[in-house]
Every structure is written in structure tokens, then in C-alpha cells.
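Labels below follow one simple rule: chain letters A, B, ... track the order of the sequence lines, proteins then strands, and each chain is numbered from 1. Below, all heavy atoms of this structure are taken into account, side chains as well, without hydrogens, waters or symmetry copies.
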2 protein chains.
Amino acid sequence: MGGMATAERRAQPARVDATRNRERIIAAAREAFVEHGPTVPLDAIAHRAGVGNATLYRHFADRHELIHVVASYSLARLTEQAESALAEETDAFEALRRFVHRAADERVGALCSLLYEGFDKNDPHVMDARIRLEKVVTELMDNARESGQLRPDVGIGDLMVAITQLTRPVAGTACAHVERFMHRHLQLFLDGLRAPARSELCGTAVTFEDFEIK
Amino acid sequence: MGGMATAERRAQPARVDATRNRERIIAAAREAFVEHGPTVPLDAIAHRAGVGNATLYRHFADRHELIHVVASYSLARLTEQAESALAEETDAFEALRRFVHRAADERVGALCSLLYEGFDKNDPHVMDARIRLEKVVTELMDNARESGQLRPDVGIGDLMVAITQLTRPVAGTACAHVERFMHRHLQLFLDGLRAPARSELCGTAVTFEDFEIK
DNA sequence: CACGAAACGGAGAGAAGTTCTCCGTTTCGT
DNA sequence: ACGAAACGGAGAACTTCTCTCCGTTTCGTG
């Protein structure tokens, strides 16, 4: 999906143990980033993957490259979820709801920081994925709004930030059971998004740019 | 409020510059913890407070003690906010709403992690403050529920976790403008909390213990 | 099955960043 | 104006992470 990782540049088709380890590392990195944030020691990731640290460095030149791969992968999955929700659900609000809960399952909240710290904003693949995601989520929201089920005073940024925040590991609890709360709280939030609005919101609708550019 | 900080143990009444610096350090620590989390270098806090690092160590034996003081202070303030909301607001849901937004202003989300990392759970002062907070917030919610304005399927933990999560610094954005979103999203969440419930929630109501004990 | 190429793991050197103390200087209060 | 108290900066000691080196193991093929 994402970047040109070290191993992918190779001419030869790589040994099976090499590719297996590579995937283990990516999976371990994903978990570790979710639990401990983007600065988690690379040695810890290697250990978690059950490989030596040298193996990690053999596959990924540095932390940046590893983050890039993990983040690209997650972004792509998220976009796919949005697209399938849009395509498969008949009810507009239900489509939105489905996307939100799938996004939670992808742990975007925890992985979101990676999108900033490890992302080359100029990478065309990333730009593409990002624009695609914005486009499809906007469509999800527009549909819900037009069907009269979504209150009109919220923007895509409101939704994305709320998803991000509500799906992050709960501070201090070693991330043990966010899953227990996550979906409940997103559901409550979604109930607050329904039309007719039950209160007046302060501020203005949050757009994508509001939090992209720091 | 909270702990027996080093300076407070002193017999003598301390010089004015000493107490001034002490407060500067606490304020700087609060800000720094909010922005960079509980592991922010102590030297950075000292610098931010405009004092030498030795001065910080003179007032607080270690990071743990500093965190304890800051967290105790915040917890006390939060409880006060809840109590005044309960006492002064006539409408039950409005009281709850007021508490939520005041809690956001106190930046509990960002400071919450301190409650875990730096807290001596056996400290009687802390226990007291905690129980007091739980008691008054429970009362706020009970009142709102009894008045028929709060959906019955949510617990105090649902509220506290959501406040915590929604008021944390947004990942990757250097914490610049959480304030812009925070109140909007809490408001949306509160709208979702109103009775009648607009959907069925998964799981069960979250209690205080669910996230206290890891 | 045996051989060469490729990959692996552990240990530790090197780099970076944090903590915390020492001590000469400044400020406060009487 | 004097002594006690507090201050600040510099740097030593320590911790932590990164990343390489090299002997060993695994894979794939002839």
C-alpha cells in the first residue's frame, strides 16, 4: 500500500521466514504503537514480535519507515471501511454509524498520531489515500444530512476528532479495556449527532484542515 | 490540599520568593503536563517556570511528589466545580452540563493520567477527594435521571471516561487547539445522553471502579 | 542431503537525553 | 548591614534508546 519499504526494493523474492518476520514486526509495531504511542522503543517492538532487534533494522531502516508502513496500512483499511459502508448500507445514518464503529475497531484513535509524526505529507500515495478518505466520509455525512437524520451544524472534522479521541487508550489504564467503552461512547456521540439537534453548539463546524495543519 | 510537599513540612514560614517560586513551578508543571504528558523533563518545567532546575528540586523531592501536588490540586478543583454546579443550578440536566464543561476547562483529560502515574492510592487525602467527587457526580447524574432528562442506561464511568477522552490533547497537533473542539464535542455527547435514548447501547453501564483499578 | 546464500539473534558500543547535586552568587528579612 | 535562606547554572552520574557486529541458524536448491 504505502511506502517503498526496504524489503520491497529487493530484486529477489525474499525467503519465507523473512516475509513472515516482516509481517510479525508490522503487527507487533501496530499493537505497540496503539498501547504506548509512537515513541515506543524499537527494541520493544522487536521483542514483542519475537525476533531479534537486528531483524527489525534489517527490514526497516528506521522508526520513520516503520511508522510509515503501519500508518499507510491503517489509513487504507479505514478508507476501505468507509467505502464499503457507503456502498452496502441503504440507510444513510446507518452507513455513517457503521463506518464510525469500524473505524474504532481499526484503532484509529491510537494510530492517528502516527499520521502526523511519521508521515511524509508529500508522498503521493498518502495524499491520495487521505483525499480519498475525506471524500468518502464527506459523502457519508452529506447523505445522512440530506436524509434529515444528521444535524446540520457539524463538520467532518467534528466526527473525525471525536472518533480519534474516544478510541484512544484511556490514560493510565495500560490500554486494557478501551474496547469496553469505545463503542458505547461512540454510540452516545452518534445519538448526539442525530437531527433534530438537542442543543446549540458553540464554535463552528470543524473541517478537515482545522486539525491537519498544525 | 493534597500531599505533604517538601516545603510544607518546614517549621518556618518560608520566604516570599520561595513560595512564589513554588507556585510558579506548580503552574508550569500543570501546563507542561497538559501539553506533553507526565514524562515531560523536570528541567523543562523549571525552565518554563522561569527558575533554575535546582529550585525545582529544592521544592519537590522528585517527579512523583510534583505530580502528586498538581493532581491533588486539580482533583480538588474538579470536585468544587461539581459541588457548586449541584448547589447552584436549579435544572438537573443543566447542572450536569455545567459540571461537564467546567471539568473540560480544568483539563481533566490531560491531567487524568497523572491521577494514575503519580498517585498514592492509599493517601487518605486523595481517597477522600476521590470519594467526594464520585459522590457528588453520582448525585448530579441521579438528579438528571430522576428528572427524566438523562437516559437510564449510562453510568458515572461512561461520563468520566468520555470527559477524559474528549478533553485530551489531540494527537499530533501539539495540543494547540483542543479548546476549539472540546466543548462542541462534549455538548454533542451530552445531547446523546439525554432521554429519551435514541439508540440501544452495547455493553453495560460503566462504573467508577471499571477504570480505577487496572 | 549437502552446500552456499540469506537471514537471524544477542550483546554491547555509541549517542542522546534526564536526573540531581555542588557551590558560588543573589535575595530576603530583621 | 548582616546572617540565613534561596537561587541558578554547570556538569557528573545515570538511564535509555539506537544501531552495528559477528558467530550461528535456517532456507532453498542442485
ask   = So how far off straight is the helix from C/dC1-D/dG30 to C/dT30-D/dA1, going by the axes through five pairs at either end, to 10°?
value =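 Here the helix ends are tilted 30° relative to one another.
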
ask   = Quick one: salt bridge (charged side-chain N to carboxylate O under 4.0 Å, His left out) pairs with a partner in residues 41-54 of chain A, sequence neighbours left out?
value =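 For residues 41-54 of chain A: A/E31-A/R48, A/E35-A/R48.
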
query = Can you list the residues that meet the side chain to side chain contact (heavy atoms under 4.5 Å, CB included) rule with A/D128, with sequence neighbours excluded?
reply =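 Residues passing side chain to side chain contact (heavy atoms under 4.5 Å, CB included) with A/D128: none at all.
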
Partners passing side chain to side chain contact (heavy atoms under 4.5 Å, CB included) against A/A46 (at least two apart in sequence or in another chain) =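 Side chain to side chain contact (heavy atoms under 4.5 Å, CB included) check on A/A46 returns A/V51, A/N53, A/L56.
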
message = For a quick check, with a 4.0 angstrom heavy-atom cut-off, what is the B/S/- contact string for nucleotides 24-30 of chain C, read 5' to 3'?
response = ---BSS-

Contacts of [X] that satisfy side-chain hydrogen bond (donor to acceptor under 3.5 Å, both in side chains) - sequence neighbours left out:
X	answer
B/D62	none
A/E94	A/R97
B/E88	B/R98

ask   = What nucleotide, of C/dC8, D/dC7, C/dG10, holds the atom closest to the side chain of B/N21?
value =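 Of C/dC8, D/dC7, C/dG10, D/dC7 is nearest to the side chain of B/N21.
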
[X]: salt bridge (Lys or Arg N to Asp or Glu O under 4.0 Å) partners, not counting sequence neighbours:
X	answer
B/R151	A/D191, B/D153
A/R168	none
B/R77	B/E106

Give me the distances for all protein-to-nucleotides 15-19 of chain D N/O pairs that come in under 3.5 Å?
unit_1	atom_1	unit_2	atom_2	d
D/dT18	OP1	A/R63	NH1	2.3
D/dT18	OP2	A/L42	N	2.9
D/dC19	N4	A/D43	OD2	3.4
D/dC19	N4	A/N53	ND2	2.9

query = Taking atom P of C/dA6 as reference, at what distance in whole Å does atom CZ of A/R22 sit?
reply =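 For the pair A/R22 CZ and C/dA6 P, the rounded distance is 18 Å.
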
query = How is A/A18 classified with respect to the nucleic acid when contacts are heavy atoms under 4.0 Å: base, sugar-phosphate, or nothing?
reply =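 Sugar-phosphate: the residue A/A18, judged by heavy atoms under 4.0 Å, touches backbone atoms but no base.
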
